[in-house]
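Take a look at the structure below.
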Amino acid sequence: MSTVIQIKDIAEHEGQEVTLRGWVHRRTGKGRLQFILLRDGSGQAQCVAFKRELDAAQFEIARGLSQESAVVIQGEVRADERAPGFPGGYEIGIKRLELLQQAAEYPISPKEHGTEFLMNHRHLWLRSNRQWAILRIRATIIKAMRDWLDDQGFLLVDTPIISPAAGEETTTLFELDYFGESAYLAQTGQLYNEANIMAFGKVYCFGPTFRAEKSKTRRHLIEFWMLEPEIAFCSLEELMQIEEQLVVYAVEQVLTQRQQELAIIGRSLEKLEAIQAPFARITYDEAVARLQALSSECDDPALRAELSIEWGEDFGSPQETALADSFDRPVFVTHYPSAIKAFYMTPLEGRPEVCRSVDLLAPEGYGEIIGGSERIHDLALLERNIEAMGLGREAYEWYLDLRKFGSVPHAGFGIGIERTVAWICGLSHVRETIPYARLLNRKYP
RNA sequence: UCCGUAGUAGCUCAAUUGGCAGAGCGGGCGGCUGUUAACCGCUAGGUUCUUGGUUCAAGUCCAAGCUACGGAGCCA
């Protein structure tokens with residue numbers, strides 16, 4: 001048997017006899033000539049069966065191959081600009097063909113399908129070009145972010161998935177039976193990150209987080225992945241620089257490594273090429289003023305109502321979109337009212353009604369992709385906030401300890417992977433950014 | 001949870017005023033030596049989401065429910 005190669009490397013094997021192993025993505029026949037578009041996970045290549053070059057039995061197998069049948073194909077690589085595929089431009093002249101399994105009638109045809117049908121067949125849908133491209137870009141974004149953090153001296157320190165209490169107070173938790181006691185699926189690793197920085201300086205955690213919210217929008221998942229860096233001796237201003245560089249690096253890596261995939265999903269490169277530091281920084285106060293101005297200028301009464309806001313309210317989705325629309329790159333919104341943010345965010349000196357917090361809003365209506373802040377490092381203040389929020393102190397004793405033993409100013413943020421992938425890929429819904437989305441009404445497959 | 005839209009063949013959809021259940025794709029069979037979601041011929045394929053009601057007659061009208069999609073709220 002000749003050398004088994006991956007289709008992505010096909011150009012390096014021109015003129016050689018090779019073996020490909022994969023699945024029939026598409027087949028089209030022209031009588032004595034059969035074109036098999038083969039997928040192997042790394043790419044796609046056209047394999048051509050010509051009746052005169054194969055024995056009769058083998059040609060009949062080629063002629064009868066159904067979509068997604070598993071095959072091993074041997075043949076010679078030749079350049080042909082008519083050959084489709086990824087990378088394309090090369091094809092295999094089939095010399096031998098082995099059928100591993102003849103696929104049953106495949107439900108997903110090359111024509112259009114509805115969302116419900118595709119989500120019900122997610123385990124098969126992943127094989128289609130568009131999903132293949134998106135999930136490869138996802139992997140690149142995650143790797144780029146982790147590489148950047150690792151290179152900057154951050155240490156990956158994993159945080160637990162099962163927690164004794166809420167990370168933050170507002171959102172809904174998934175409760176578990178922990179040998180007769182209550183436990184919860186993690187909403188964030190942040191509190192543990194704060195402990196970890198006192199051991200390691202700069203850390204990040206990366207893992208799934210869970211929110212039992214009855215949200216049903218293009219931006220929400222029940223189970224989503226979050227990358228959360230935390231840094232000792234860090235100010236809000238330094239935090240924004242880290243966020244900015246991290247995002248710019250991830251976009252840059254996607255642009256250099258995943259051009260083929262961006263082309264498959266039809267993402268505009270110009271929009272991504274504009275993502276350069278620095279990002280604009282506006283305060284919550286300015287953002288409210290901007291929205292009030294936009295709202296009053298608005299002719300459409302429905303839109304005017306959607307944009308209308310009073311100081312102290314959190315932004316809704318149309319408001320985030322309207323704010324971000326003034327910029328061609330992400331925009332930082334800083335100093336939110338303390339009342340609408342988490343209990344651990346540091347109040348601003350001389351103006352405690354706002355806190356040293358920052359959200360990063362992605363362009364093109366993708367909304368908040370990062371939330372971060374300076375954390376309270378004063379014990380008494382943190383104790384007061386925990387009590388004011390009605391949180392049980394017992395569960396936070398260890399967290400309060402961090403303010404007793406060498407407490408230092410520190411800051412951190414969380415970046416939502418799926419929203420970031422949706423934005424970079426230009427997708428209309430986060431459900432395509434994760435292999436198996438968990439949504440309000442979906443946990444299958 | 002609220003507002004809106006939809007549910008008909010495996011899939012995407014059509015069906016006039018309430019009057020015989022249709023097409024394309026996909027499947028099967030046959031044809032074709034350069035196809036790119038090929039093309040040509042033949043063919044199989046239906047609990048019209050569910051339950052109840054109105055009617056000589058319901059895919060179509062009425063009521064309730066279920067499911068999905070879009071939006072809002074909440075959030076990353």
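Excluded from the calculations below are hydrogen atoms, water molecules and symmetry mates; all remaining heavy atoms, backbone and side chain alike, are included. Letters A, B, ... mirror the listed sequences (proteins, then strands); counts begin at 1.
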Item to check | Test side chain to side chain contact (heavy atoms under 4.5 Å, CB included) applied to A:Arg78 and A:Val48, step by step | outcome: CA-CA 11 Å; A:Arg78 59 184 179 232; A:Val48 185; 3.7 Å; yes
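A cation-pi geometry, defined here as NZ or CZ lying under 6.0 Å from the six-membered ring centre and within 45° of its normal, holds between A:Arg136 and A:Trp132.
The side chain of A:Asn441 contributes no N or O atom lying less than 4.0 Å from OP1 or OP2 of B:rU67. Contact between the side-chain N/O atoms of A:Ser215 and the OP1/OP2 oxygens of B:rC74 is not found at any separation under 4.0 Å. For B:rA38, one of the phosphate oxygens OP1 or OP2 lies less than 4.0 angstrom from a side-chain nitrogen or oxygen of A:Arg26. Here A:Lys30 reaches the OP1 or OP2 of B:rG34: one of its side-chain N or O atoms lies under 4.0 Å away. In terms of phosphate contacts, A:Arg431 brings a side-chain nitrogen or oxygen within less than 4.0 Å of OP1 or OP2 of B:rG70.
The nearest whole Å value for the distance from the CG atom in A:Leu440 to the C1' atom in B:rC69 is 13 Å. Distance, A:Arg442 CZ to B:rC69 C1': 12 Å, rounded to whole Å. The distance between atom NZ of A:Lys51 and atom P of B:rG34, rounded to the nearest whole Å, is 15 Å. Separating the CZ atom of A:Arg63 from the C1' atom of B:rC29 is a distance of 10 Å, rounded to the nearest angstrom.
Of the candidate nucleotides B:rC75, B:rG73, B:rU36, B:rG73 has the atom lying nearest to any side-chain atom of A:Thr217.
Between B:rU43 and B:rA6, the distance separating the two C1' atoms is 33 Å to the nearest Å. Comparing B:rU60 with B:rU8, their C1' atoms sit 11 Å apart, to the nearest whole Å. Nucleotides B:rU47 and B:rC42 are separated by 29 Å at their C1' atoms, to the nearest Å.
Under the 3.5 Å distance criterion, the side-chain polar atoms of A:Asn193 are left unmatched by any main-chain donor or acceptor of A:Tyr204.
The aromatic ring of A:Tyr106 does not sit over the base of B:rG26, since the test of centres under 5.5 Å and planes under 30° is not met.
Residue-to-nucleotide proximity on RNA chain B shows that, of A:Val48 and A:Ser317, the 5′-proximal contact is made by A:Val48.
Among pairs with a residue in residues 435-445 of chain A, those fulfilling side-chain hydrogen bond (donor to acceptor under 3.5 Å, both in side chains) read A:Asn120-A:Arg442, at least two apart in sequence or across chains.
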